[in-house]
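Heavy-atom basis, side chains included; hydrogens, waters and symmetry copies ignored.
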Amino acid sequence: MSSSMQSSYLPATTESIAKAQEAKDASESISILYRVLEDPSSSADALRVKELAITNLTSYLTKENRAEDLRNLLTQLRPFFALIPKAKTAKIVRGIIDAVAKIPGTSELQISLCKEMVEWTRAEKRTFLRQRVEARLAALLLENQEYTEALTLLSGLIKEVRRLDDKLLLVDIDLLESKLHFSLRNLPKAKASLTAARTAANAIYVPPSQQGTIDLQSGILHAEEKDYKTAYSYFFEAFEAFSSLEDPKAIFSLKYMLLCKIMVNQADDVAGIISSKAGLKYLGPDVDAMKAVADAYSKRSLKYFETALRDYKAQLEEDPIVHRHLSSLYDTLLEQNLCRLIEPYSRVEIAHIAEMIELPINHVEKKLSQMILDKKFAGTLDQGAGCLIIFEDSKTEEIFPATLETITNVGKVVDSLYMRSAKIMA
């Protein structure tokens, strides 16, 4: 327990709270608020003041980045939780866990804190709070890529919440499950979980932020199936919801909207979306990254494309969703450019192609061999001479398939006549 808590307590009154707010620095305010919580009084007024003290203390500790103190505070407040209604306990606990989340680099601490709280809520038989803390824990495990543990936790939680028919929590958990299956590349299950989340959401009022999250996940799954037009409309809905709430997720929705425009060959629309009133609000490296990709795609330039990937590595390569789609876009662009360059030749040096396309020789050689295997063109690599030999397209005469079909049909007629004659003879 903090040394400040062991000193003499202050009465839980509004005067003590005012004294904390007037203190000369944050550490003095924190010290005063700890002493207020030490007041043994459990009258209705004292409890109300203590709740206010907890809110203020949480705020001060968050600003001071004192995550460990917030964790200890949750443990110290357990006797206090026995004196107040369960709904208020749930609000305080979730508030402190949210506060820890605002402090950078605390994901491990958040996970252990949630695990501690799950144990306590089990012992205290506080089901409502436990389920919400478990849902939070599953989300943290998903962020930490601890998929197996998250899946085990969610499977049990979904069954329990379905039985209780807690629709609001069910929407959260189904959405989490959809994200988890998507991370594990199991698209059918990700879609099934999202459908379940939508079904539960249709039966209740869903806060705009949660509706935005549903739309964002819908867009991601549609984009994965290459249905970029539908994905764009979902990302747009999500962007509007998050933008009106000033939620940081708005920038991701905008980024994915721009990605969809590039993927459907409408890269020229990107500049218009960015310069719109809504787009200007989010100018920054994420938007710049998508603009650079759109410019490279419009110019069909692999060199500009690679420059964009290098300059905006954090925004493009480290975002798994953008990275996956841009990889396929890069491959398409590279194939188109290579096909255009080799078209006039029957034999050409690989070094010459690499020079024209401004890419390393080994990179070009690897791609050409892949294209030959995928039957994108007919040819072979003469690695000894460092050349690519392109074969003439052997055009099949149209008469051959027609002849084969005629012979097959004649065969069928003969077989049926034979069967009939066998019956007559019998």
Side-chain angles (χ1 to χ4, degrees), residues 1-23 25-140 169:
M1 195 176 277
S2 160
S3 59
S4 53
M5 284 193 78
Q6 289 167 349
S7 58
S8 59
Y9 71 84
L10 280 172
T13 59
T14 46
E15 286 78 15
S16 299
I17 299 287
K19 188 178 173 186
Q21 287 170 338
E22 287 159 13
D25 58 28
S27 56
E28 193 184 330
S29 300
I30 290 167
S31 171
I32 292 168
L33 291 167
Y34 269 127
R35 287 168 65 196
V36 170
L37 294 179
E38 281 288 86
D39 183 352
S41 168
S42 57
S43 68
D45 285 345
L47 291 177
R48 198 165 54 250
V49 170
K50 283 183 188 178
E51 280 173 43
L52 185 58
I54 292 165
T55 307
N56 290 357
L57 185 55
T58 304
S59 175
Y60 281 123
L61 291 173
T62 309
K63 280 177 193 159
E64 295 290 301
N65 285 352
R66 286 164 64 171
E68 200 57 57
D69 284 353
L70 282 165
R71 179 191 189 159
N72 294 336
L73 178 63
L74 259 186
T75 313
Q76 290 156 14
L77 288 173
R78 285 177 188 180
F80 174 70
F81 292 150
L83 305 171
I84 61 171
K86 287 184 176 180
K88 282 189 177 173
T89 301
K91 189 182 173 188
I92 291 170
V93 170
R94 289 163 74 189
I96 293 175
I97 293 172
D98 286 344
V100 177
K102 287 175 190 166
I103 299 171
T106 57
S107 60
E108 289 298 332
L109 179 73
Q110 287 177 63
I111 289 172
S112 64
L113 175 59
C114 286
K115 284 179 178 173
E116 270 176 34
M117 288 314 295
V118 167
E119 289 305 312
W120 178 75
T121 49
R122 273 190 200 285
E124 295 284 314
K125 295 187 169 52
R126 293 179 181 240
T127 310
F128 177 87
L129 179 56
R130 175 179 56 77
Q131 289 168 345
R132 275 147 185 79
V133 176
E134 280 187 335
R136 181 61 175 267
L137 176 58
L140 289 165
L169 182 57

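The CG atom of Leu61 sits 11.5 Å away from atom CD1 of Ile54, with the distance rounded to the nearest 0.5 Å. Lys50 contributes atom NZ, which lies 8.5 Å from atom CD of Glu38 (distance to the nearest 0.5 angstrom). With rounding to the nearest 0.5 Å, the separation of CG in Leu137 from CE in Met117 is 12.5 Å. The distance from atom CD of Glu15 to atom CG of Leu10, rounded to the nearest 0.5 Å, is 11.5 Å. Here CD of Glu51 is found 8.0 Å from NZ of Lys91. Values are rounded to the nearest 0.5 Å. The structure places CG of Asn65 at 5.0 Å from CD1 of Ile103, a figure rounded to the nearest 0.5 Å.
No donor-acceptor pair under 3.5 Å is formed between the side chain of Ser31 and the backbone N or O of Ser27. Checking side-chain atoms of Arg132 against main-chain N and O of Phe128 turns up a donor-acceptor pair under 3.5 Å.
A heavy-atom distance below 4.5 Å is not found between the side chains of Leu47 and Lys88. Side-chain contact check for Ile17 versus Leu33: some heavy-atom pair is nearer than 4.5 Å. Side-chain contact check for Arg136 versus Arg94: every heavy-atom pair is 4.5 Å or farther apart.
Screening Leu113, Leu70, Leu140 against Ile97 for a side chain to side chain contact (heavy atoms under 4.5 Å, CB included) leaves a single residue, Leu113.
Here the shortest heavy-atom pairing between Ser41 and Ala46 reads OG-CB, 3.4 Å. In terms of heavy-atom proximity, Ile32 sits nearest to Ser16 at CG2-O, 3.8 Å. Heavy atoms only, all atoms of each residue included: Gly95 and Thr58 are closest at O-CG2, 4.3 Å. Scanning both residues, Leu57 and Leu37, for their nearest heavy atoms gives CD2-CD1, 3.8 Å. The two atoms that bring Ala67 and Thr106 nearest to each other are CB-CG2, 3.8 Å, heavy atoms only. Annotation for Leu83 and Ser42: closest pair CD1-CB, 4.1 Å, computed over non-hydrogen atoms.
By the salt bridge (Lys or Arg N to Asp or Glu O under 4.0 Å) test, Arg71 is found to be paired with Glu68, Glu116, residues two or more places apart in sequence or in another chain being considered. Qualifying salt bridge (Lys or Arg N to Asp or Glu O under 4.0 Å) partners for Asp39, counting only residues two or more places apart in sequence or in other chains: none.
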Practice item. Under the side chain to side chain contact (heavy atoms under 4.5 Å, CB included) rule, what do Lys115 and Val118 come out as? Steps first, then yes or no, please. Key: CA-CA 5 Å; Lys115 284 179 178 173; Val118 167; 5.7 Å; no

Review point. Given Arg66 and Ile30, is the side chain to side chain contact (heavy atoms under 4.5 Å, CB included) satisfied, shown in steps?
Key: CA-CA 11 Å; Arg66 286 164 64 171; Ile30 290 167; 3.5 Å; yes

Practice item. Given salt bridge (Lys or Arg N to Asp or Glu O under 4.0 Å), test Lys86 with Glu124 step by step and report yes or no. Key: CA-CA 11 Å; Lys86 287 184 176 180; Glu124 295 284 314; over 6 Å; no

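Listed by first and then second residue, the ring-ring contact (aromatic ring centres under 6.0 Å, His included) pairs involving residues 50-105 are Phe81-Trp120 (not counting sequence neighbours).
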